[in-house]
Amino acid sequence: MYKEIGVFEHANIVLEKMTPGVFLNTKKGNVINTMIIGWGGISVIWGRPIFIVLVRDSRATYDLIESSSEFTVSIPLKDNLKKEIGICGTKSLRDMDKFKECNFTPIKGRKIDTPIIAEVGLHYECKVIYKQDLDQDIVPQIVKSRYYNKTANHTVYYGEIIDQYIYEKE
Ligand SMILES: Cc1cc2nc3c(=O)[nH]c(=O)nc-3n(C[C@H](O)[C@H](O)[C@H](O)COP(=O)(O)O)c2cc1C
């Protein structure tokens, strides 16, 4: 069952849930995937509602989002889903089907192909309208040594929010 919500109505919850983490869902062909993100959030850019996400280029998710230019974000509302966040924040699509591992039900987005996770609660459907690889030459040194020392770079994706709702399994 879908409950309609305003695009900014739950923005405070979104930001609060970035720690411990929310689910970033992607799809390429018949392959679906989800991973945990802790950085990003809802914002307004060019007069549009935008969900910003940062994805390292080492993630399987990176290949999927690069190919589809769309994503959904699913945010736990009732259940904190600690075990599932642990799995989806450490295991890769290259190791396992995380939807199966977590007993998650994918439901096709209302406006895009990428699914949401039926068990999770609050959902945003997004189309990438801009992206940018972080320029390591101008990243602050303190951030660089902590987050980018020999590790993969982040790409920042600006996903225009084209649908948002709460979904409850019947
Ligand atoms: C709390 C938490 C927050 C995370 N935030 C991000 C993030 O913002 N961006 C990112 O690229 N990876 C982040 N990760 C790591 C990915 O979720 C993890 O590497 C995942 O296994 C990648 O899956 P994939 O290879 O199937 O895409 C986070 C992990 C945790 C536990």
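A quick note: this is a predicted structure, and the numbers were derived from the prediction, not measured. Read the numbers this way: they start at 1 and go in the same order the structure lists the ligands and their atoms. Because only heavy atoms are used, hydrogens play no part in the values below, and waters and symmetry mates are left out as well, while side chains stay in.
Connectivity analysis of hydrophobic side chains (ILVMFWY, heavy atoms under 4.5 Å, direct or indirect) links Y158 to W39, I45, W46, I50, I52, L54, I129, Y130, L134, V139, I142, V143, Y147, Y148, V156. Chaining together hydrophobic side chains whose heavy atoms lie under 4.5 Å apart places I112 alongside I162.
Closer than 4.0 angstrom to ligand 1 lie heavy atoms from P20, N33, M35, I36, I37, G38, W39, L54, V55, R56, R59, A60, T61, C88, G89, T90, K91, S92, L93, K98, H154.
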Might you work through the side chain to side chain contact (heavy atoms under 4.5 Å, CB included) test for E66 and K131, ending with a clear yes or no? CA-CA 10 Å; E66 279 291 306; K131 64 179 180 180; 2.8 Å; yes
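Linking ILVMFWY side-chain heavy atoms closer than 4.5 Å, directly or via other members, places L64 and Y157 in two distinct hydrophobic clusters.
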Listed pairs under 3.5 Å, donor-acceptor, residues 114-122 side chains, sequence neighbours left out:
residue, atom, partner, partner atom, Å
T114, OG1, E70, OE2, 2.7
E119, OE1, T105, N, 2.8
E119, OE2, T105, N, 3.4
E119, OE2, T105, OG1, 2.6
E119, OE2, K169, NZ, 2.9

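Between E84 and C102, the shortest heavy-atom contact is CG-CB, 3.8 Å.
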